[in-house]
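Since the structure comes first, as structure tokens, the remarks are kept for the end.
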There are 2 protein chains.
Amino acid sequence: MAEPAHRGEALLYLTDEQLRQGIEAMFFAYRGFTADPDRILDELNHDRAQNYGRAHHRAIHFIHCAPGTTVNNLLGMLGVTKQSLNRVLRTLIEDGLVESRVGRTDRRERHLYLTDEGRALEQRLSDAQRARMRAAYREAGPEAVAGFRTVLEAMMDPEMRRHYRALREVRP
Amino acid sequence: MAEPAHRGEALLYLTDEQLRQGIEAMFFAYRGFTADPDRILDELNHDRAQNYGRAHHRAIHFIHCAPGTTVNNLLGMLGVTKQSLNRVLRTLIEDGLVESRVGRTDRRERHLYLTDEGRALEQRLSDAQRARMRAAYREAGPEAVAGFRTVLEAMMDPEMRRHYRALREVRP
DNA sequence: CTTGGAATGTCAACAAGGCTGACTTAAACT
DNA sequence: AGTTTAAGTCAGCCTTGTTGACATTCCAAG
């Protein structure tokens, strides 16, 4: 920790006004963050019965990142109820984007995997999202990016931070 | 732009894996970002007819930050349809949290203000949100915070960035 | 003065995606 | 054998987003 030598100056970034700016930045940035996948899904939705939205994107994203994850684990990452997730998951399985395999050691569990088609959609969505992220990272530079990640991690609830880090460990 | 002297090292932070981590960090952090106001509203909702949610919080936040803003301007900031905003705004006005005054120069416009009661709720919600933000900022340090804000701003859609900066100019 | 357009408000209908509660099935643990 | 756990399902509710249609009010240009 940096010693608070000149208190007034050193803690300037902790004023209510600075915090408010951070809050607004989070809000506006998050809209950008979701804008591209949202748009792609909207376009694709014309030939589907059940429209896909952010919930489907999130499920696909995390199944891609943690292949073979159980439903319970996915529930923890997404932070929704199983009924909510199940509705999404069912359509993804029906449409052949996700495969659900019975567990080998514990046959109550279902392990989730993307099919080729699911992987293709995941790719398309995350390509768009990464493109925006890449542009922002490039513009901001490596030090800013490090700070960005540090602050975000500090903002998480402990349980979410666990999930966040668990993903890093499996796939470093 | 920094010259790509050692390409492999200099652009390490732009790998797909790094970008994915950033994406997940955004997702998990945003949940924390909204968790405290959500919880407070849930508790308060027991004695209300129409429950308040994030949409109400957002409306109150921006009316607080830009008192006297018109409905149209608020629409632009929030990025929703007027019907959607209207539903929220109507309940806030009915419940006496927001006041809508007819414009002086252009009497078609409505200018929005928080009442004392509205300000009290805004205070309560944003106190909680700022507390988390403050903790994260303190933990991360001033340089990280600067980077955080830089990246977030770079992630915004141009129109959102306009709104973001407009708030800074009025209230620097 | 009239008329077109802009800002606002309102009604109806619909969908996504959260939630709770109740209940079943199957498997594993004790 | 009985309990707990993982998953799935059904029904119903709410918020919050959407579209489309339409009324009102008022400014401003013709």
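Heavy atoms only: backbone and side chains are in, while hydrogens, waters and symmetry mates are out. Chain identifiers are assigned alphabetically (A, B, ...) following the order of the sequence lines, protein sequences preceding nucleic acid strands; residue numbering begins at 1 within each chain.
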Problem set entry | Short side-chain N/O contact from B:Q83 to OP1 or OP2 of D:dT19, under 4.0 Å | no

Detail all sub-3.5 Å separations between protein N/O atoms and N/O atoms belonging to nucleotides 27-30 of chain C.
{"residue": "C:dA27", "atom": "OP1", "partner": "A:R107", "partner atom": "NH2", "Å": "3.3"}
{"residue": "C:dA28", "atom": "OP1", "partner": "A:T105", "partner atom": "O", "Å": "3.2"}
{"residue": "C:dA28", "atom": "OP1", "partner": "A:R107", "partner atom": "N", "Å": "3.0"}

Exercise. 5'-most contact on DNA chain C: A:A55 or B:V71, nearest heavy atom basis?
Worked result: B:V71

For this session: Please state whether the phosphate of D:dC14, meaning OP1 or OP2, lies under 4.0 angstrom from any side-chain nitrogen or oxygen of B:R54.
Result: no

Problem set entry | Whole-Å gap separating P (D:dT19) and CG (A:N45) | 14 Å

For this session: Starting at atom CG of A:N73, determine the distance to atom P of D:dT5, rounded to an integer number of angstrom.
Result: 17 Å

For this session: For A:T70 and A:L112, run side chain to side chain contact (heavy atoms under 4.5 Å, CB included): C-alpha distance rounded to whole Å, both residues' side-chain angles, the deciding distance at 0.1 Å, then the answer.
Result: CA-CA 6 Å; A:T70 64; A:L112 302 169; over 6 Å; no

For this session: Write down the distance between CZ (B:R101) and P (C:dT8), rounded to a whole number of angstrom.
Result: 16 Å

For this session: Indicate whether OP1 or OP2 belonging to D:dT18 is found under 4.0 Å from a side-chain N or O atom of B:T81.
Result: yes

Exercise. Do the side-chain N or O atoms of A:N72 get closer than 4.0 angstrom to the phosphate oxygens (OP1, OP2) of D:dA7?
Worked result: yes

Exercise. Can you tell me how far P of C:dA12 sits from CZ of B:R87, to the nearest Å?
Worked result: 13 Å

Exercise. Is the closest side-chain donor-acceptor distance between B:H61 and A:E24 under 3.5 Å?
Worked result: yes

Problem set entry | Nearest listed nucleotide, side chain of B:V80, among C:dG18, D:dA6, D:dT18 | D:dT18

Problem set entry | Spacing between B:K82 atom NZ and D:dT24 atom C1', to the nearest angstrom | 11 Å

Exercise. Counting side-chain heavy atoms from CB outward, which of C:dC19, C:dT8, D:dG17 is closest to B:R58?
Worked result: D:dG17

Exercise. Quick one: which of C:dT10, C:dA7, D:dA7 gets closest to the side chain of A:R110?
Worked result: D:dA7

Problem set entry | B:R134 (side chain) donor-acceptor with A:L19 (main chain) under 3.5 angstrom | no

For this session: State whether B:H56 places a side-chain N or O below 4.0 Å from either non-bridging phosphate oxygen (OP1 or OP2) of D:dT15.
Result: no

For this session: Go through C:dA16, C:dT8, C:dG18 for me and flag the one nearest to the A:Q50 side chain.
Result: C:dA16

Exercise. For A:H57 and C:dG17, what is the distance between atoms NE2 and P respectively, to the nearest whole Å?
Worked result: 12 Å

For this session: Would you kindly check if the NZ (Lys) or CZ (Arg) of B:R58 is within the cone defined by 45 degrees around the ring axis of B:F62 and under 6.0 Å from the six-membered ring centre?
Result: no

Problem set entry | Parallel, tilted or perpendicular, as decided by the 30° and 60° cut-offs, for the rings of A:F33 and A:Y30 | tilted

Exercise. Between the axis at one end of the helix from C:dC1-D:dG30 to C:dT30-D:dA1 and the axis at the other (five pairs apiece), what's the angle to 10 degrees?
Worked result: 20°

Exercise. Is any side-chain nitrogen or oxygen of A:N51 closer than 4.0 Å to OP1 or OP2 of C:dA15?
Worked result: no

For this session: Using a 4.5 Å cut-off on heavy atoms from C-beta on, say whether the side chain of B:Q129 contacts that of B:H57.
Result: yes

Seminar exercise, completed: B:D42 CG to D:dC14 C1', in whole Å, measures 11 Å

For this session: Might you confirm whether atom CZ of B:R48 has over 12 heavy atoms from other residues, nucleotides or ligands at distances under 6.0 Å?
Result: yes

Problem set entry | Residue pair A:M26 / B:M133, side-chain heavy-atom distance below 4.5 Å | yes

Exercise. Do other residues, nucleotides or ligands put more than 12 heavy atoms under 6.0 Å from B:E143 CD?
Worked result: no

For this session: For the pair A:H163 and B:F28, name the ring-plane relationship: parallel under 30°, tilted 30 to 60°, perpendicular over 60°.
Result: parallel

Seminar exercise, completed: B:L85 atom CG is separated from C:dA7 atom P, nearest whole Å, by 15 Å

Exercise. Which nucleotide, D:dT9, C:dG9, C:dC19, lies nearest any side-chain atom of A:S84?
Worked result: C:dC19

